[in-house]
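As a basis for the values below, the full set of heavy atoms in this structure was taken, side chains included, without hydrogen atoms, waters or symmetry mates. These figures come from a predicted structure and were not determined experimentally.
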Amino acid sequence: MLFRSNLTARSLRTQESRTIGLISDQIATTPFAGQMLAGAQDVAWRNGWLLLLVNTEGNKEFEDTASKSLIQRNVDGFIYASMYHREVTIPKSISEQLVVLLDCFDKDSEFDSVVPAEYQGARKATEFLISKGHKRIAHITDGNNVYASPQRLRAFLDVLNENRIKIDEKLIIKIPGSDTREGYEATQKLLALGNRPTAIFAYNDRMAFGAYEAIQEAGLEVGKDISVIGFDNQPHFAAALRPALTTVQLPHYEMGAWAAQRLLEQFKNSEPTDSIQNQIDCALIVRDSVGSAR
C-alpha cells in the first residue's frame with residue numbers, strides 16, 4: 001500500500017512546495033537515456049510543478065546525502081530513476097516518502113514503478129525477422145544482465161517455438177558485456193559457422209553496430225546477405241548507421257512522463273492505494289537493415 005508519513009506533514013504546511021525530487025544514477029549525463037528526464041520534466045512543468053534533479057553517478061553516500069537535502073527543501077515526492085532496467089534499493093531517507101521508480105523496481109513491489117515491456121519488444125523483433133522469411137536467426141545477448149537480457153532471450157525462444165523453427169544453440173551467443181566490441185566478436189563466431197545465420201537479433205544497438213563491422217569486414221552486406229536488428233533505438237546512432245538500423249524503441253520519454261504523472265496523482269490521494277508495476281510498450285522501428293531471407 002502506498003501511504004507515506006509525509007502526507008500528514010504536507011497537509012500541515014500552508015502550501016505545497018510543488019517540487020518533485022528526481023534522483024538518478026547516470027541518466028542526466030547519458031544522452032541515450034536523457035529522454036526519461038524530458039518526459040518527467042514536461043509533465044511536471046505542464047502541471048505547474050518544478051523538477052529538481054540530482055545525478056549521483058551511483059555514489060550511495062552522495063545519494064543518501066542528496067536525498068536528505070531534498071527532504072529538507074520540502075520536496076513533495078520523489079522519482080527514483082535508473083539508467084537501465086534493474087532492481088534497486090532506494091535510500092532509507094526517502095523510504096517513507098511518496099516515491100515512483102523509473103526504469104527500475106524494488107524487490108517487494110512496494111513502490112509504483114515503470115519499466116520497458118522487454119519481453120513484448122523482443123517478440124516484435126523476432127516476429128518481424130520471421131515475417132521476412134528468416135528461419136536461421138541468431139541472438140547475441142548480454143550474459144551479465146539479469147533482467148532485460150533473460151526476458152529478451154525468452155521472447156526470442158518462445159517465438160521460434162511458436163513458429164516451429166528449430167532452435168540451434170550455436171546461434172545463441174551469450175557474452176559478458178553489451179558494447180560494440182562484444183557484438184563484433186560474437187558476429188565473427190557466427191560467420192565462422194558452416195551454416196551461418198541469415199539474420200541476427202542483437203541485444204542492443206551497440207552490439208548491432210559491432211555486427212555491422214564484422215559482416216562488412218567479411219565482404220558481406222547488411223540487409224541483403226545478413227539482416228540485423230537491434231534494441232534501444234539509440235538517438236543519433238541507430239538511424240545514422242548505413243544501412244539504417246531496424247530496432248526496438250526503448251520508451252524512455254513515455255516512462256519518464258508516466259512516472260511524473262503517477263506521482264502527481266498520488267499527491268491528490270488522501271487514502272492508501274495499491275502500488276502499480278507498469279510496463280510500457282516498445283515499438284518496432286523498421287529501417288533498412290532487415291531484408292528478405294535468401
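Judged by distance alone, with hydrogens and angles left aside, the side-chain atoms of S289 form a donor-acceptor pair with the main-chain N or O of V228 at under 3.5 Å. In this structure a side-chain-to-backbone donor-acceptor pair under 3.5 Å is present from T246 to R287. Proximity of a side-chain donor or acceptor of T65 to a complementary backbone N or O of E61 within less than 3.5 Å is detected. Within the 3.5 Å criterion, the main-chain N or O of K60 finds no donor-acceptor partner in the side chain of D64.
No side-chain donor-acceptor contact under 3.5 Å links E213 and T180. Residues D205 and Q234 bring no donor and acceptor atom of their side chains to less than 3.5 Å of each other. Checking N145 against Y203 by side-chain atom types alone, a donor-acceptor pair falls below 3.5 Å. Residues Q26 and Y84 have side chains that never bring a donor and an acceptor to within less than 3.5 angstrom of each other. With hydrogens and angles left out, the side-chain atoms of E217 and Y184 include a donor and acceptor closer than 3.5 Å. Side-chain atoms of N233 and T247 include no donor-acceptor pair closer than 3.5 Å. A side-chain donor from one of N55 and E57 sits under 3.5 Å from a side-chain acceptor of the other.
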Pair up each side-chain donor or acceptor in residues 101-108 with any protein partner under 3.5 Å, not counting sequence neighbours, and list the distances.
| from | atom 1 | to | atom 2 | distance (Å) |
| --- | --- | --- | --- | --- |
| D106 | OD1 | E110 | N | 3.4 |
| D106 | OD1 | F111 | N | 3.4 |
| D106 | OD2 | S109 | N | 3.2 |
| D106 | OD2 | E110 | N | 2.7 |

Acceptor/donor pairs from residues 37-47 side chains to any protein atom, 3.5 angstrom cut, sequence neighbours excluded:
| from | atom 1 | to | atom 2 | distance (Å) |
| --- | --- | --- | --- | --- |
| D42 | OD2 | Y253 | OH | 2.6 |
| N47 | ND2 | V43 | O | 2.8 |

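Separation of atoms CD1 (I20) and CG (L98) is listed at 10.5 Å; rounding is to 0.5 Å. The distance from atom CG of L53 to atom CG of L22, rounded to the nearest 0.5 Å, is 6.0 Å. Note that CZ of R152 is 7.0 Å distant from CZ of F201, once rounded to the nearest 0.5 Å.
Taking both residues in full, the closest heavy atoms of A283 and K124 are given as CA-NZ, 4.0 Å, listed atom of the first, atom of the second, then distance.
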Between D76 and S17, does a side-chain hydrogen bond (donor to acceptor under 3.5 Å, both in side chains) hold up when you go through it step by step?
CA-CA 6 Å; D76 292 284; S17 70; 2.6 Å; yes
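Contact of the P150 side chain with the R154 side chain is not registered, since no non-hydrogen atoms from C-beta on lie closer than 4.5 Å.
Within 6.0 Å of the CZ atom in R18, the count of heavy atoms belonging to other residues, nucleotides or ligands exceeds 12.
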